[in-house]
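Step one of this worksheet: look at the structure below.
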Amino acid sequence: GAGVSQTPSNKVTEKGKYVELRCDPISGHTALYWYRQSLGQGPEFLIYFQGTGAADDSGLPNDRFFAVRPEGSVSTLKIQRTERGDSAVYLCASSLTPGLQSGELFFGEGSRLTVL
Amino acid sequence: SQKIEQNSEALNIQEGKTATLTCNYTNYSPAYLQWYRQDPGRGPVFLLLIRENEKEKRKERLKVTFDTTLKQSLFHITASQPADSATYLCASYNNNDMRFGAGTRLTVKP
């Protein structure tokens, strides 16, 4: 597709379950970002990939959160032992030229996670 | 710690007026600032980028300024329309990642 695709768009799970959220970036975009957004707040940085490697994972809140991008394209955000506080919209964004050149981010529509 | 802040949670203005939104940053010097628009239930959409060596940037009814002395960016929408109602986010690049402010929710009343 032409834009960033995120699946699922909505996910309802029970506390303690494992969740995977998928992001398919724009073809050719080497930079990929995951953000978490709570109601009324701005996007909160989680992790940034440049190619296959995580260039900055300083925003991951704890070791229950993990993300991969094995082939430098699709990325999966994994949350173990989910807690009610994990409920939020998880946004993925990609960029063609990260860093000092441009850095314009193209966002997906987000995956809304609800932990009951 | 490094912060990027948008002081106003909400701004209500009358159609036709100019909306001015503020973004402040502390404890770092971003190479550029970006502004995004976000509609309810949607992802943010890029609007404008301004570099640290640029004072002002315009795009149609939008204008952004960057004051490195005040550590502030102002975002203006002239001749505002109800369709401009949305949340506007500022963002800055620092090291390896883009950080966002909390956003200002703009409502333009007819």
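Note that the coordinates shown come from a computational prediction; the quantities given were computed from them, not determined experimentally. Each chain gets a letter, A, B and so on, in the order the sequences are listed, and its residues count up from 1.
- In this structure, Arg42(B) places its CZ atom where only 12 or fewer heavy-atom neighbours from other residues, nucleotides or ligands lie under 6.0 Å away.
- Contact tally against chain B (heavy-atom pairs below 4.5 Å) for Pro43(A), Gly110(A), Gly59(A): the top residue is Pro43(A).
- Other residues, nucleotides and ligands place more than 12 heavy atoms under 6.0 Å from the CG atom of Leu116(A).
- Taking Gly103(B), Gly41(B), Gly43(B), Gly101(B) one by one and counting their heavy-atom pairs under 4.5 Å with chain A, the maximum is reached by Gly43(B).
- To the nearest 0.5 Å, the span separating CD on Gln37(A) from OG1 on Thr87(B) amounts to 8.5 Å.
- Under a cut-off of 6.0 angstrom, the local environment of CD in Glu15(B) is crowded, with over 12 non-hydrogen atoms contributed by other residues, nucleotides or ligands.
- Between Phe107(A) and Phe100(B), the gap from one ring centroid to the other is short of 6.0 Å.
- Contact annotation for Leu91(A): only side-chain heavy atoms (C-beta onward) come within less than 4.5 Å of a heavy atom of chain B.
- Leu62(B) and Phe66(B) fall within a single hydrophobic cluster, where Ile, Leu, Val, Met, Phe, Trp and Tyr are joined by side-chain heavy atoms under 4.5 Å apart, directly or via other members.
- Linking ILVMFWY residues whenever their side-chain heavy atoms come closer than 4.5 Å, directly or via other members, leaves Leu89(B) and Leu74(B) in distinct clusters.
- The number of heavy-atom neighbours closer than 6.0 Å to CZ of Phe66(A), taken from other residues, nucleotides and ligands shown, is 12 or below.
- Residue Gln6(A) does not touch chain B at all, counting heavy-atom pairs closer than 4.5 Å.
- With a 4.5 angstrom heavy-atom cutoff, Gln38(B) touches chain A only via side-chain atoms.
- Looking at Tyr35(A), the atoms closer than 4.5 Å to chain B (heavy atoms on both sides) all sit in the side chain, from C-beta outward.
- When heavy atoms are compared at a cutoff of 4.5 Å, Ser9(A) does not approach chain B at all.
- Interatomic distance, Glu109(A) CD to Asp39(B) CG, rounded to the nearest 0.5 Å: 9.5 Å.
- Shown here for Gln34(B) and Leu105(A), the closest heavy-atom pair between the two residues is OE1-N, 4.3 Å.
- Within 6.0 Å of CD on Glu71(A) lie no more than 12 heavy atoms contributed by other residues, nucleotides or ligands.
- Residue Phe106(A) is not grouped with residue Tyr90(A) when hydrophobic side chains (ILVMFWY) are merged at heavy-atom distances under 4.5 angstrom, including chains of intermediate members.
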